[in-house]
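In what follows, a structure is listed as structure tokens, so that the remarks can point back to it.
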Amino acid sequence: MANTKELSVEEKLRALYDLQLIDSRIDEIRNVRGELPLEVEDLEDEVAGLTTRLDKLKTDLESIEEQIKGKKNAIDDHKAAIKKYTEQQKNVRNNREFNSLTKEVEFQELEIQLAEKHIKEMRASIEHKSEVVNQSTERLDMKKSHLEHKKSELNDIMSETEKEEGVLKKKSAEYEVQIEERLIKAYKRIRGSVRNGLAVVSIERGASAGSFFTIPPQTQMEIASRKKIITDEHSGRILVDTALAEEEKEKMEQLFSKI
């Protein structure tokens with residue numbers, strides 16, 4: 001690996017522009033994936049949320065069914081009590097005992113009515129929750145299907161691009177160590193501050209690529225001389241001349257074609 005102190009300004013510019021071309025290629029690969037990883041993540045969260053909700057609804061339904069069983073058993077107990085008190089009424093010795101048993105029968109009948117009312121309410125709740133379960137199951141199936149489709153789509157793209165991205169990341173690291181730390185820090189700072197990630201750009205039609213601000217002829221000559229690192233006064237990006245840019249693009253295209 002070349003010693004950074006031995007690099008001429010031109011070699012530094014070439015290394016920086018090569019690094020930019022590699023990193024831009026990585027950006028392109030990631031742009032192909034776009035929002036897919038986030039879409040997959042969001043869908044996974046939705047599926048997990050719906051599954052949890054469905055499980056809770058099913059648990060609620062089971063609990064209500066158990067409560068209905070409990071109420072039905074209670075009704076049977078109340079009916080047994082009514083039968084017992086009615087039989088006892090046949091053997092009473094006075095009106096006070098008879099009235100007392102009549103009150104017990106009436107109480108048991110009220111308990112039966114209340115239990116039947118609760119059962120009716122719980123059956124209505126089951127009906128409503130069952131409808132929600134059906135709707136949620138339908139929605140969950142749809143989301144699962146959508147998730148599988150998106151995962152497949154992402155896996156296809158990943159299998160196509162993962163190897164290339166891995167090789168390019170190694171190349172990027174290799175080029176980074178050839179360049180002095182001060183320049184790398186500046187390069188990364190600029191890359192992070194511009195939307196398209198271009199920290200090193202060539203001169204196009206008398207302006208820096210992607211800019212409408214004309215660069216003075218004297219500055220253009222200085223850039224073409226490759227004697228010092230020059231930045232665009234408007235965007236802060238590092239500038240290289242067109243000829244150097246074309247040479248490096250051709251070189252890097254050959255490298256990319258072998259990956």
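- Residues satisfying the ring pair (Phe, Tyr, Trp, His ring centres under 6.0 Å) criterion with F256, sequence neighbours excluded, are absent altogether.
- Ion pairing of E247 with K251 is absent here, as no side-chain N (NZ or NE/NH1/NH2) approaches a carboxylate O to less than 4.0 Å.
- Note on R33 versus E165: salt bridge recorded, some NZ/NE/NH1/NH2 to OD/OE distance being below 4.0 Å.
- The environment of NZ in K144 is sparse: at most 12 heavy-atom neighbours from other residues, nucleotides or ligands sit within 6.0 Å.
- At a threshold of 4.5 Å between side-chain heavy atoms, the hydrophobic network of Ile, Leu, Val, Met, Phe, Trp and Tyr places L154 and V32 in one connected group.
- A salt bridge links R191 with D27: the distance from a Lys NZ or Arg NE/NH1/NH2 to an Asp or Glu carboxylate oxygen falls below 4.0 Å.
- Contact check for E153 versus H149: side-chain heavy atoms found under the 4.5 Å cut-off.
- Of the options T137, T52, V132, a side chain to side chain contact (heavy atoms under 4.5 Å, CB included) to L57 is made by V132 and by none of the others.
- Residues M252 and Y17 have side chains not in contact (no heavy-atom distance under 4.5 Å, counting atoms from C-beta outward).
- The existence of a salt bridge linking D60 and K56 is confirmed by a sub-4.0 Å separation between a basic side-chain nitrogen and an acidic carboxylate oxygen.
- Side-chain contact between V201 and D232 is absent, with no heavy atoms from C-beta onward closer than 4.5 Å.
- A side-chain hydrogen bond (donor to acceptor under 3.5 Å, both in side chains) with E87 holds for exactly one of K83, K84, K90; it is K90.
- Within the 4.5 Å cutoff, side-chain heavy atoms of L147 are placed close to those of V40.
- Considering only heavy atoms from C-beta on, I112 comes within 4.5 Å of I82 through its side chain.
- Exactly one of V9, V240, I223 qualifies for a side chain to side chain contact (heavy atoms under 4.5 Å, CB included) with I229. That residue is V9.
- Taking the side chain as every heavy atom from C-beta outward, E46 and H146 never approach each other to under 4.5 Å.
- K185 has a carboxylate O that lies under 4.0 Å from a charged side-chain N of E181, or vice versa, which qualifies the two as a salt bridge.
- Between E66 and K69 there is a salt bridge, with a side-chain nitrogen of the basic residue lying less than 4.0 Å from a carboxylate oxygen of the acidic one.
- Side-chain contact between I22 and I26 is present, with at least one heavy-atom pair separated by less than 4.5 Å.
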